[in-house]
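In the text below, chain A, chain B and the rest are named by the order of the sequence lines, each starting its count at 1.
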Amino acid sequence: MEEKTLKVRVDCCPECGSENLIRDYESREYVCGDCGLVIKEMEYDRGPEWRAFDLEQKEKRSRGGEPLTYTLHDKGLTTSISPFDRDTYRKPLKPEQKETFYRLRKWQKRMRLLDSSERSLAFALAQVNQISNNLLLPKYVVEYASQILTKLVKERLLRGRDIKSAAAAGVYLACRDLEIPRTLDEVAEAANEEKRRVGSTYRFIVQEGFKELDYKPPVPSHSMYVSKTGVSGLTEGITHKILRAAKEVKLTLGRSPIGTVTAAAYIASVLTGERLTQRDLAEKMRCTEVTIRNRYKELVERLMFIVEL
DNA sequence: AAGACGAAAGTGGTTGA
DNA sequence: TCAACAACTTTCGTCTT
């Protein structure tokens with residue numbers, strides 16, 4: 001069995017032993033809710049489904065320095081060879097040099113023949129880069145999304161499909177899998193694509209592209225979105241507490257997680273005096289003030305007396 | 001004046017016949 | 001496939017700080 005990278009899941013604070021850890025999904029850090037210690041999450045575990053990639057990568061690496069990045073299809077290795085058997089001084093080449101160049105050209109041609117999938121891969125990766133830039137995604141996410149697209153193109157699963165929406169779907173999948181709080185809406189917008197198309201391509205990728213792996217990306221959790229609200233320190237902790245309580249009384253079912261999180265953050269900010277306005281939160285979280293109000297009314301009615309602060 | 005509140009009407013997605 | 005439905009949005013007038 002191939003040993004996989006271990007994700008060091010932190011479940012309690014090494015300093016004070018508290019289990020009240022707050023996870024920041026953007027920076028992959030935990031903050032202890034009691035003593036404030038910052039704990040960095042270690043290596044990301046891509047799970048057994050990605051092992052093929054790792055093996056391949058390893059193999060190639062040991063052979064000849066394959067670029068370690070998937071974000072460029074050829075890492076700028078393309079070269080053009082002059083069709084004339086002359087050197088830079090336009091003098092004819094020596095016979096053995098001629099032979100060398102003949103071989104080089106032959107290989108160059110062979111490479112070109114492979115180009116149709118290379119081309120779409122290059123295009124796909126360029127798209128991934130652009131979309132990720134628009135979304136301000138960390139590098140490891142771009143890398144991961146690039147791996148996904150590379151796999152899809154290499155297995156010819158994207159033939160006849162719109163590469164651009166596939167790139168968007170790949171970025172979205174990477175975000176989902178790495179628990180980066182980005183909505184389908186945001187990704188579609190960053191890709192300048194219709195949400196519907198990205199969504200259906202996403203479903204296709206998950207179903208068809210990873211069929212053999214019985215793979216499902218994690219469902220976005222409430223706490224994922226908390227770091228996005230921009231509330232700080234104490235407020236963040238209270239937001240998490242409110243959300244936990246909300247879940248207990250089933251106030252989260254059927255509601256959009258964004259609305260619930262935003263409302264919880266609003267309440268928390270009022271409680272701590274940070275006092276974020278509904279408008280700012282609504283804008284940042286891409287929901288409306290009305291939704292915040294509806295959620296927060298429910299929350300206050302049902303559980304403010306339950307939450308101990 | 002800015003923020004919060006809520007009513008009313010409209011929209012897109014889910015569910016069940 | 002269609003209708004019913006709840007959540008959510010948009011818009012706008014009113015109240016509060």
| field | Length of the line joining R279(A):CZ and dT10(C):C1', which is rounded to integer Å | value | 15 Å

| Do T239(A) and E236(A) get their side chains close enough for a donor-acceptor pair, meaning under 3.5 Å? | no

| query | L253(A) CG to dA7(C) C1': how many Å, rounded? | reply | 13 Å

| query | Roughly, in whole Å, what's the span from CG in L276(A) to P in dA2(B)? | reply | 18 Å

| field | Minimum-distance pair of heavy atoms, taken over all atoms of I292(A) and L281(A) | value | CD1-CB, 4.1 Å

| task | Give the rounded distance in Å between these two atoms: CZ of R203(A) and P of dG13(B). | result | 10 Å

| Verify same cluster id: V206(A), V198(A) (apolar side-chain graph, 4.5 Å) | yes

| Given atom CD of E289(A) and atom P of dA8(B), what is their separation to the nearest angstrom? | 19 Å

| query | Whole Å only: how far is the CG atom of L251(A) from the P atom of dA6(C)? | reply | 16 Å

| note | For dT16(C), the nucleotide meeting Watson-Crick or G-U wobble distances (both under 3.5 Å) is dA2(B)

| task | Tell me whether the OP1 or OP2 atom of dC5(B) has a side-chain N or O from Y296(A) closer than 4.0 Å. | result | yes

| field | Whole-Å distance separating the NZ atom of K195(A) from the C1' atom of dG12(B) | value | 8 Å

| Is G254(A) touching bases, backbone alone, or none of the nucleic acid, heavy atoms closer than 4.0 Å? | sugar-phosphate

| Under 4.0 angstrom, heavy atoms only, what part of the nucleic acid is T277(A) near: base, sugar-phosphate, or nothing? | sugar-phosphate

| request: Report yes or no: is there a donor-acceptor pair, N or O only, under 3.5 Å between the side chain of R293(A) and the base of dG6(B)? | output: yes

| task | Indicate, with a heavy-atom threshold strictly under 4.0 Å, whether K297(A) touches base, sugar-phosphate, or nothing. | result | sugar-phosphate

| field | Integer-rounded Å distance: dG12(B) P and E194(A) CD | value | 12 Å

| task | Give the minimum heavy-atom separation between G230(A) and K284(A), together with the two atoms involved. | result | CA-NZ, 4.2 Å

| query | Any idea which of dT10(C), dA7(C), dA4(B) is nearest the V290(A) side chain? | reply | dT10(C)

| task | Output, in order, the C-alpha distance, side-chain angles, deciding distance and verdict of side chain to side chain donor-acceptor pair (under 3.5 Å) for S165(A) and E193(A). | result | CA-CA 7 Å; S165(A) 62; E193(A) 274 278 345; 4.8 Å; no

| request: Using heavy atoms to find the nearest nucleotide of DNA chain B for R196(A) and R275(A) separately, return the residue whose nucleotide is more 5′. | output: R275(A)

